Each structure stands twice: as C-alpha cells, then as structure tokens.
Amino acid sequence: MSNPTIAIDRDVRVRYAPSPTGLLHVGGARTTLFNWLFARGEAKRLGFDGAMILRIEDTDRNRLVEGATQGILDILSWFGIDWDEGPDVGGPYAPYVQSERLPLYQQGAQELIDKGLAYRCFCSPQRLQQLREEQRQKGLPPGYDRHCRSIAKEEIEAKLAAGEGYVVRFAMPRDGTTEVYDLIRGESTFQNANLEDLVLLKSDGYPTYHLANVIDDHDMQITHIMRGEEWIPTAPVHVRLYHAFGWEPPAIAHMPLILAPGGGKLSKRHGSTAMEEFKAQGYLPEALMNYLALLGWSLDGTTEIFSREELLANWSLERVSPSPATFDYDKLRWFNQQYINHILTLDDLTARVVPFLIDAGLATDGALDPSNAEFARVRDVTAVLKDRLVLLSDAPDLMSFFLVDELPPYDAAKLIPKKSDATQALTALQGAFAVFEAGAVDDEAAIEASLRELAEKLGLKAGQLFMPIRVAVTGRTESPGLFETLRVIGDDWVRARVRAAIELLSTDG
Ligand code: GLU
C-alpha cells in the first residue's frame, strides 16, 4: 500500500459525494468546502490542476428524499462552491448519479465473486435477526458470521436455480491486519478478524455505499478522498476492496468531527443544522464559509476573518486538525455581523436585504433593481440600521417603520416619557409639529438645533421632547439616532405621524 505522506504530487481530483436524504448539513458543507479549497486553492498554488467533482450517492433507496439532489446543488452554489463535473454539468465520467451506474457495480460484484473475493449470501433477514439476538445475549459484537462463505458450489447452484434471493458479501481476509494511512491522522492498523464481511450488492441489485463508492472513486480517477470522520471504521474494508480489484486506493483524509456546544453530536436540539435553514435566517454565505473554514482548520490560531480569496490563498490540508471542532452559534452570529457591518458594501448589503423585505411585504420586486428609487430608499434605511442588523431576517422588523406608510397601532402611553405626563407630551408634540412644518428633516443639524431650542423654550429636558417624537414617528421607544431617523422617514411621513400622535394623545386623554 502506498504511504502518501505528500498530499499533493500530481493533478488533484476530489469529490463531494452526498446522499440525497434531506437538507445539506453544515458538516457536509464543511467537508465540501475543504475538498474545494484543497483542489481550487492548495493544488493550484502548488502548480497542479485541481478538479472538483460532485457525485450523488443515491443507492439507499429507502432514505431518498424527493428533490434533495436539486436542493443540495442549489445550496452549494449559494454557498459559493463550484464544481467541474457533476450531475448537472456532466463530465468525462458521467453519469454522476449512482442509480444510473448500476451495471458497473453489478459487474464489479461479479468480478469479485469470480476471483473468490466475494460470495453470495442467501441468509434470510430472520436468520440475521436471530444471529444479532444471540450475539447480543452472549455479549458478542454484532456482525455477520460468514455462514454462506463456505457453502458448497452445488448448493449455491441449487439455490440460484430455485430463484432464491441473495446479497453479495465481501470476503475479508480472516486474519492479518489492514493499514490505513490518513493524511490528517497518520497510519492506523486494523485487525482483519474484527472486520465484517460487508454487503456489497443488495438483493434488489443496488450496491451498498461501500462498493459503489470504491468503484466510482476509482473509475472517476479520484486522487484524494476527503470525507467525514464517521467513515473511519469502514476505511480498511475500502482499502481491501481496492486491493481485491487490483487498484491503488486514493489518498484518504477524514475530516474532524463537528460537535455541538457542550459536546455530543450536533443535532436539531441545539439549533439549526441545515445550510438551508441558515440561509433562510439570513446568514450570509461569506460568513458561513468563513466560519465553517475555521471548524478544524486555522492559519495561525488567531486570524479569524478570511474572504473566499484569502481562504483559497491560505488553506492547506496540513493545517487541518484531527481534533473535533465545536459549533458555536454565537460565534457564527458574530461573523455574520462582521460581514454585514464592516465587510459588505452598502449596495451589496442592500441587495441582500431586499428579498427579505419583499417576503415580508415591505418592498416590491422593483426594489431588486439597483437603479430604482425603491432600492435607493432601502439603501438609505439599511445605512441607518446596519449596525443593529445581525441576521438579514431581522431586517423586516427593524426596518418596517421606515417602509410602511402607516404605522401599526401602538399604545398612546408610550408617547409619555417617564417623569412626564400627557399634557407635557402633547405640548411637546405640538411644538415639534410646528418645527417640522417650518423646516425640512433632511437637514439633520438644522432640525436638531430647532428641536433643542424648542425644548428650552418649553422648559423640557431633551429626552422629554425627543422620546415622544421618536415614538410618534417609529411607534417604538428604541430606534437609531433621532435625527437620522427623521431624515430617512422624510417630511411627509414625519408630519403625518406626529399629527396622528397628537390626535391619539388628545382622544386618549
Ligand atoms: N455518500 C456518503 C455520505 O454522504 C459519502 C461519503 C464519502 O465521501 O465517501 O456520507
């Protein structure tokens, strides 16, 4: 077996091979990202080609979810990953969907049977169930007892003639060891006696993951397998399978686990786990890419912000750690906020906010066009609010009072500041109304001066005047700075809302 201590010494072909069983888990996205960075970043930096292949592993027919394949392709594109070969773009090793490659696996299984390295197993589900039960009772590890490995040729012929169903199992060597060299973890030695004769071909003629994966990785000339840690236990079987076919296995690297905050497997219970959910909540793909890149990799242990280009320029397999990484939701929010607040341009951020406003009925499709006035309006609002925005999905609630003609009803009591009363609030708003009639709100400095002068004239503290105005124009007690808020709301709405507040206070009293 080769000992690929040099990760890249030739053109690289890597693959991401999802099973279309549902939404794309963040762990899967992290694995894809590392494959992509290896091919597109590290390999190219070293002067090699790096091809990214997407293959759909849909041989477990019971777990298929309708539409999942398209969903995975869509969310990966959104995430910022591209690929050279795959079910949607084709390529020299098409088809890239395993259910369309069944004859290849059936031939492979037959080849191993002919070589005496695989065998037909006629054991019924009942027998296997009974076996598991006995093993459990005796405290033995579960596993197939190789019953059919030694049945006579004539018996096999008879069973086949009688039309009995069977699976094809791999005949693992019974003794000795198998070494697996992992580019991240180094060499591990497995005792063959502990490895089961795994099923390669099921009774429905579909291959198992193990057979299809090995045949395809060989057939598609994959040079490096980079996948989740859950596949470490079966890696020696795969290595043996390669040898059974007479093939050299690709180099292998198993990515570190992603644990939940506080340990254990990251699951629904802790929060969102699917990329689609993060997208819907308004996480930016850049922030997710940056954050996921750091789950198991670091450049120097301190640098945190990496653009896509910086990741391509810096990421290396050598710096991927074998230790588990912990998924920290707060940290991910922090990354999102950094991108919203400091990294995206205002136009770019506005374009990302718009769809969330459209969904909430706060903008029309017209706002999608950056040359439209509606886009410009959303941009003004975004500029004022972006430092309060953590997720794009916060935008409708944060921004609504800037975008709806009429405020939703609010309690008149909100207009009255603490240590003040209705009469004082009413006087304040009437005075303010006169100020807004006299001068335009787009001159923030002038409005501020007039309002401060008014407060003095009325013998009010600034807050006693500003709070009723804030509530009148926004319907809430918290908002961005009052003067910029007034400017962005604009003269017409400011006057109408202050007038409505005056009426509300008058009728309420
Ligand atoms: N279909 C497998 C999965 O979804 C692929 C594992 C591999 O990359 O070999 O986990």
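Everything quoted here is computed from the prediction, not taken from an experiment. Remember, it's 1-based here, ligands and their atoms both numbered in the order they're listed.
In this structure, atom 8 (O) of ligand 1 lies nearest to the protein heavy atom Arg15 NH1, 2.7 Å.
Near Tyr209, meaning under 4.0 Å from any of its heavy atoms, are these atoms of ligand 1: 2 (C), 5 (C), 6 (C), 7 (C), 9 (O). Listed by atom number, the atoms of ligand 1 under 4.0 Å from Glu57 heavy atoms are 1 (N), 2 (C), 5 (C). Atoms of ligand 1 lying under 4.0 Å from at least one heavy atom of Asn213, given by number and element, are 7 (C), 9 (O). The Arg227 neighbourhood of ligand 1 comprises atoms 7 (C), 8 (O), 9 (O), with distances under 4.0 Å to a heavy atom of that residue. The ligand atoms of ligand 1 that sit less than 4.0 angstrom from a heavy atom of Trp231 are 6 (C), 10 (O).
For ligand 1, the polar-atom distance check finds an N/O of Ala17 within less than 3.5 Å of one of the ligand's N/O atoms. Of the polar atoms of Ser19, at least one N or O is found under 3.5 Å from an N or O of ligand 1, judged by distance alone.
Cation-pi contact between Arg352 and Phe356: absent, since separation from the ring centre below 6.0 Å together with deviation from the ring axis within 45° is not met. Figure legend: Arg169 and Tyr144 shown as a cation-pi pair, the cationic atom lying under 6.0 angstrom from the six-membered ring centre and within 45 degrees of its axis.
Using a cutoff of 4.0 Å between basic side-chain nitrogens and carboxylate oxygens, Arg174 and Asp197 are not scored as salt-bridged.
A donor atom on one side chain and an acceptor atom on the other are not found under 3.5 Å apart for Asp328 and Tyr291.
Residue Ile340 is tested with Val390, Thr382, Leu392 for a side chain to side chain contact (heavy atoms under 4.5 Å, CB included); the sole match is Leu392.
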task: Using the salt bridge (charged side-chain N to carboxylate O under 4.0 Å, His left out) rule, take Glu229 and Arg185 through it: C-alpha gap first, then chi angles, then the decisive distance, then the call.
output: CA-CA 11 Å; Glu229 205 185 74; Arg185 290 147 218 276; 3.0 Å; yes

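Using a non-hydrogen distance threshold of 4.0 Å, Met226 does not register as a contact of ligand 1.
Taking the six-membered ring where the residue is Trp, Phe34 and Trp315 present tilted rings, their angle falling between 30° and 60°.
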